[in-house]
S.K.: 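Just passing along the structure, written as structure tokens.
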Amino acid sequence: MDLDEAQRFAEEWAADWNSHDLDRITGRYSDDVVFRSPLAARIIEGSEGVVRGIEALRAYWAEGLRRNPDLRFEVIGVCCGIDTVVINYQNQTGQLSAEVLIFRDGLVVSGMGTHGPRPI
């Protein structure tokens, strides 16, 4: 994946999230995806922030969307590496975050959500 492809992916990723459509959001992830996020640690008891498999990830994100009905992402910047895309974005509150996504056969197999300080 080159930087232009990564940028296109990031814009589509944000549009998927902004649609709040779980089928669109999860359509880019493999069935055996592993996702790590400090938010998952707060939402999914006993997970320690690790979500395994597309159905568990779908349930986690459904709850996140339920808790944040105004959720909106804006892409700020994109970096790419070998089979990896990093999406720097801000959410509807202005909080800066980054998503680190690792691909295999065109699908995300591993992801990490990272978050900066919440705006005052």
S.K.: Could you grab the distance from atom NE2 of His115 to atom CG of Leu96, nearest 0.5 Å is fine?
M.R.: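 That separation rounds to 11.5 Å.
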S.K.: Just to verify, what does Asp21 make a side chain to side chain contact (heavy atoms under 4.5 Å, CB included) with, not counting sequence neighbours?
M.R.: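 So Asp21 forms a side chain to side chain contact (heavy atoms under 4.5 Å, CB included) with Ser19, Asp23, Arg24.
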S.K.: Are Trp17 and Tyr89 close enough that their ring centers fall under 6.0 Å?
M.R.: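 Not under 6.0 Å, so no.
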S.K.: Quick one: do Val51 and Leu107 end up in the same hydrophobic cluster if we chain Ile, Leu, Val, Met, Phe, Trp and Tyr together by side-chain heavy atoms under 4.5 Å apart?
M.R.: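 Shared cluster, no.
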S.K.: Output all residues satisfying side chain to side chain donor-acceptor pair (under 3.5 Å) with Thr114, sequence neighbours left out; order by chain, then residue number.
M.R.: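 Testing Thr114 for side chain to side chain donor-acceptor pair (under 3.5 Å), a comparison that skips the adjacent residues, returns none.
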S.K.: Under the criterion side-chain contact (heavy atoms from CB on, under 4.5 Å), which of Ile87, Val33, Thr84 is the partner of Leu101?
M.R.: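 Exactly one candidate clears the test, Ile87.
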S.K.: Report the relative orientation of the aromatic rings in Phe35 and Trp61; use parallel for angles under 30°, tilted for 30 to 60°, perpendicular for over 60°.
M.R.: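 Perpendicular.
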S.K.: In Å, rounded to the nearest 0.5 Å, how long is the span from CZ of Phe9 to CE of Met1?
M.R.: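 One gets 6.5 Å once the value is rounded to the nearest 0.5 Å.
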S.K.: Under the side chain to side chain contact (heavy atoms under 4.5 Å, CB included) criterion, do Arg104 and Ser110 qualify, and how do the steps go?
M.R.: CA-CA 9 Å; Arg104 181 181 66 228; Ser110 181; over 6 Å; no
S.K.: Should side-chain heavy atoms under 4.5 Å link Ile, Leu, Val, Met, Phe, Trp and Tyr, which residues sit in the same cluster as Ile102?
M.R.: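 Answer for Ile102: Val86, Val100, Val109, Met112.
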S.K.: Would you mind writing out the side-chain donor-acceptor pairs for residues 39-50 within the sub-3.5 Å range, not counting sequence neighbours?
M.R.:
{"unit_1": "Ser47", "atom_1": "OG", "unit_2": "Ala40", "atom_2": "O", "d": "3.3"}
{"unit_1": "Ser47", "atom_1": "OG", "unit_2": "Ile44", "atom_2": "O", "d": "2.9"}
{"unit_1": "Ser47", "atom_1": "OG", "unit_2": "Gly49", "atom_2": "N", "d": "3.0"}

S.K.: To the closest 0.5 Å, what do you measure between OG1 (Thr26) and CD (Glu55)?
M.R.: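 Going from the OG1 atom of Thr26 to the CD atom of Glu55 covers 8.0 Å.
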S.K.: Which donor-acceptor pairs under 3.5 Å do side chains of residues 67-83 form with protein atoms, sequence neighbours excluded?
M.R.:
{"unit_1": "Arg67", "atom_1": "NE", "unit_2": "Glu63", "atom_2": "OE2", "d": "2.8"}
{"unit_1": "Asn68", "atom_1": "ND2", "unit_2": "Gly64", "atom_2": "O", "d": "3.0"}

S.K.: Not counting sequence neighbours, which residues clear side chain to side chain donor-acceptor pair (under 3.5 Å) with Asp4? List them please.
M.R.: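 Expected list: none.
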S.K.: So does Asp105 have more than 12 non-hydrogen atoms from other groups sitting under 6.0 Å from CG?
M.R.: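 Open: at most 12 neighbouring heavy atoms sit under 6.0 Å from CG of Asp105.
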S.K.: Looking only at heavy atoms, which two atoms of Gln95 and Pro119 are closest? And how far apart?
M.R.: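 For Gln95 versus Pro119, the nearest heavy atoms are N-CG, 3.6 Å.
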S.K.: Got a second to check how far Asn18's CG is from Gln92's CD, nearest 0.5 Å?
M.R.: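 Those atoms lie 9.5 Å apart.
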S.K.: Which atom pair, heavy atoms only, marks the closest approach of Asn88 to Ala98?
M.R.: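 Taking every non-hydrogen atom into account, OD1-CB, 3.4 Å.
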S.K.: Could you report the tightest heavy-atom contact between Ala62 and Leu22, atom names first, then the distance?
M.R.: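 Closest approach of Ala62 to Leu22, heavy atoms only: CB-CD1, 3.5 Å.
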